[in-house]
Amino acid sequence: MPEPTDRAPTDREPAGPGPIAGSSGPVLGLDLGQARIGVALSDPDRRIAVPLGTVATGAPQDLKAIAALAREHRVTHVVVGLPLTLAGERGASAHHAEAFAEALRGFVGLPVTLQDERLTTVEASRALAEAGVRGRDRRRTVDRSAAAILLQAFLDRTRGGN
């Protein structure tokens, strides 16, 4: 495990060398929120991410629900959003995401990677507003849209030479 620092890899600083070994099969993307977890799924070729839904927060039910989704969709990798500060530092939310990723890794038995998710919720909310989605409908949709944005960033970063 790398030395702990106050910074994490960004989209411009891959968390490892190029593509992830054995990069085939769907990837599940998770955007952790206080009330719910946004969920997105990639295609088996790992080219595009689409919003899937949400899972209510609260251990261990959230871990069980995510494990069930991973089995149902034959997921081979899970990506958890890492909410860094705008300066790239870890705050309480980032530490929570790291602990959640570690618990999930042990629970589902799959590789779990943290992905910088700065401003994904803002980007998702803006895109939904531009699409004409308003109020309550936007609040219900923003978590899974943010999950798709962070998963797409991961897919783009790890695609390598494909």
Side-chain angles (χ1 to χ4, degrees), residues 1-2 8-84 90 93-125 127-128 138-162:
M1 181 167 235
T10 67
D11 293 343
R12 293 171 298 282
E13 294 175 47
I20 292 186
S23 28
S24 65
V27 180
L28 201 63
L30 306 174
D31 179 63
L32 305 181
Q34 291 181 347
R36 63 194 153 269
I37 299 169
V39 182
L41 183 68
S42 80
D43 64 299
D45 293 327
R46 297 183 175 189
R47 299 216 176 263
I48 190 156
V50 294
L52 186 62
T54 58
V55 170
T57 59
Q61 290 79 15
D62 53 4
L63 295 174
K64 289 178 182 178
I66 292 165
L69 286 170
R71 283 191 303 276
E72 177 185 347
H73 295 283
R74 298 176 185 215
V75 166
T76 58
H77 197 105
V78 180
V79 176
V80 175
L82 182 63
L84 300 173
R90 288 173 168 85
S93 294
H95 290 298
H96 169 73
E98 290 169 327
F100 183 87
E102 189 61 35
L104 184 62
R105 191 175 289 117
F107 199 82
V108 298
L110 293 169
V112 176
T113 302
L114 291 162
Q115 170 68 34
D116 183 352
E117 68 159 46
R118 280 178 278 187
L119 301 178
T120 55
T121 301
V122 171
E123 185 178 339
S125 187
L128 291 168
R138 186 171 3 158
R139 285 190 300 276
R140 281 194 294 238
T141 312
V142 73
D143 297 310
R144 61 182 170 221
S145 296
I149 291 168
L150 81 88
L151 179 54
Q152 189 65 54
F154 171 82
L155 297 173
D156 294 345
R157 178 173 62 81
T158 58
R159 188 168 297 123
N162 294 347

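Remember, predicted model here, so these are calculated numbers, not experimental data.
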Can you tell me how far the [atom1] atom of [X] sits from the [atom2] atom of [Y], to the nearest 0.5 Å?
X	Y	atom1	atom2	result
His95	Leu82	NE2	CG	9.5 Å
Arg144	Leu41	CZ	CG	13.5 Å
Arg157	Asp116	CZ	CG	9.0 Å
Asp31	Ile149	CG	CD1	9.0 Å

Grab the two heavy atoms, one from [X] and one from [Y], that are nearest each other, plus how far apart they are.
X	Y	result
Thr54	Gly38	CG2-CA, 4.2 Å
Ser42	Leu151	N-CD2, 3.6 Å
Ala148	Ala49	O-CB, 3.5 Å
Leu155	Ile48	CD1-C, 3.8 Å
Arg105	Val112	NH2-O, 2.6 Å
Ala97	Leu114	O-CD2, 4.0 Å

Report task. Give me the one residue out of Ile37, Leu30, Leu32 that meets side-chain contact (heavy atoms from CB on, under 4.5 Å) with Asp62. Result ->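 It is Ile37, the one option of Ile37, Leu30, Leu32 that forms the side-chain contact (heavy atoms from CB on, under 4.5 Å) with Asp62.
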I'd like to know if the side chain of [X] reaches the main chain of [Y], judged simply by a donor and an acceptor atom lying under 3.5 Å from each other, with no hydrogens or angles considered.
X	Y	value
Glu117	Leu84	no
Arg46	Gly25	yes
Thr57	Gly33	no

Requested in this report: Show your working on side-chain contact (heavy atoms from CB on, under 4.5 Å) between Val55 and Leu69 and close with a plain yes or no.
Outcome: CA-CA 10 Å; Val55 170; Leu69 286 170; 4.0 Å; yes
**Report entry** Evaluation steps, side-chain contact (heavy atoms from CB on, under 4.5 Å), between Ile66 and Phe107
**Finding:** CA-CA 10 Å; Ile66 292 165; Phe107 199 82; over 6 Å; no
